[in-house]
There are 2 protein chains.
Amino acid sequence: MSMNYAFKALSDPTRRKILDLLREKDMTAGEIADHFQMTKPSISHHLSLLKQAQMVYDERKGQNIYYSLNTTVFQDLLKWFIQFH
Amino acid sequence: MSMNYAFKALSDPTRRKILDLLREKDMTAGEIADHFQMTKPSISHHLSLLKQAQMVYDERKGQNIYYSLNTTVFQDLLKWFIQFH
DNA sequence: GTAATATTTAGATAAATTCCTAAATATCTA
DNA sequence: TAGATATTTAGGAATTTATCTAAATATTAC
């Protein structure tokens, strides 16, 4: 059940900030990392958890890997929250 | 910032199930615990994290402590998710 | 006030998470 | 093919989390 991974992914503020960044525009792993005071391997790990949660897509373009939002899981989450309204 | 606690609270499936239970009706700590194969102290701990996240209210009535949903944080969360829509 | 019931608090342990450095992989360019 | 750049993978240390048992607190009923 993918919502489980999504909720886990969302529990970390760094990952939520990554999602916020991707809301503005698609970015390479390096560009994303530039927004944090954290090593690239650490950011890479966060990206892999977001990918596991199916909250982002990754696509290689030459040397770079571009990350973008995958909004399908967000819709499921939105439905979950609306129940509590 | 209370959203941080809320996201942390939501990362655990037991806590999400507690919230689901409280969606149906208010319940005592004991009634909630009866829905899980877990000791009462463990459930009590989960309840305290939900309270810290301001996602539930607690109110003592005699020997029992009744838990109920506090939906104000849910509205903030909903707003957060709508941004990704 | 003592016993019974409901719940929480304290303290401990095992597992999961976050972050780091070093090494590996993939791609591009000369 | 060798070197440079972008990114991930591997392995490990420190912290946090989830859970348990035992003890403490609060309330009720006799």
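In what follows, chains are A, B, ... by sequence order, proteins preceding strands, each numbered from 1.
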- Message: Contact between B:Met38 and B:His46 at the side-chain level, heavy atoms closer than 4.5 Å - yes or no?
- Response: yes
- Task: Please report, rounded to the nearest Å, how far the C1' atom of D:dT19 is from the CD1 atom of B:Ile18.
- Result: 13 Å
- Task: Would you indicate, yes or no, if C:dC19 has its OP1 or OP2 atom less than 4.0 angstrom from a side-chain nitrogen or oxygen of A:Thr39?
- Result: no
- Do A:Asn70 and A:Tyr57 have a side chain donor and acceptor closer than 3.5 Å? yes
- Message: Check the phosphate of D:dA18 against B:Ser42, side-chain N and O only, distance under 4.0 Å to OP1 or OP2. Yes or no?
- Response: no
- Task: Mark yes or no for whether B:Thr28, through its side chain, and B:Glu31, through its backbone, hold a donor-acceptor pair below 3.5 Å.
- Result: yes
- Query: What pair of heavy atoms forms the shortest contact from A:Leu50 to A:Ala9, and how long is it?
  - Reply: CD2-CB, 4.0 Å
- Between CD1 on residue B:Ile32 and CG on residue B:Leu19, distance to nearest 0.5 Å: 9.5 Å
- Query: Whole-Å distance between C:dC20 P and A:Phe36 CZ?
  - Reply: 12 Å
- Query: Expressed in angstrom and rounded to an integer, what is the separation of A:Ile43 atom CD1 from D:dT9 atom P?
  - Reply: 15 Å
- Using a cut-off of less than 4.0 Å, is there contact between a side-chain N or O of B:Ser44 and OP1 or OP2 of C:dT8? yes
- Heavy-atom donor-acceptor pair, B:Lys8 side chain to A:Ser11 backbone, under 3.5 Å: yes
- Message: Test your reading of the model: is there a side-chain donor-acceptor pair from B:Arg16 to the backbone of B:Leu10, 3.5 Å cut-off?
- Response: yes
- Sequence-aligned protein contact record of nucleotides 10-17 of chain D, with B where the base is within under 4.0 Å of a protein heavy atom and S where only the sugar-phosphate is: -------S
- Under a 4.0 Å heavy-atom cutoff, the residues of residues 46-68 of chain A touching DNA chain D are A:Gln63, A:Asn64, A:Ile65, A:Tyr67
- Query: Expressed in angstrom and rounded to an integer, what is the separation of A:Met38 atom CE from C:dT21 atom C1'?
  - Reply: 15 Å
- Kindly say whether A:Tyr66 contributes a backbone atom to a donor-acceptor pair with the side chain of A:Asn64 at under 3.5 angstrom? no
- Specify the residues of residues 19-34 of chain B, ordered by number, for which at least one heavy atom lies under 4.0 angstrom from an atom of DNA chain D. none
- Query: Honestly, is B:Arg23 close enough over A:Phe84, meaning NZ or CZ under 6.0 Å from the six-membered ring centre and within 45° of the axis?
  - Reply: yes
- Message: Once rounded to the nearest 0.5 Å, what's the spacing between atom CZ of A:Phe36 and atom CG of A:Leu21?
- Response: 5.0 Å
- Note on the structure: dist A:Ser44:OG -> A:Ile65:CD1 (nearest 0.5 Å) comes out at 8.0 Å
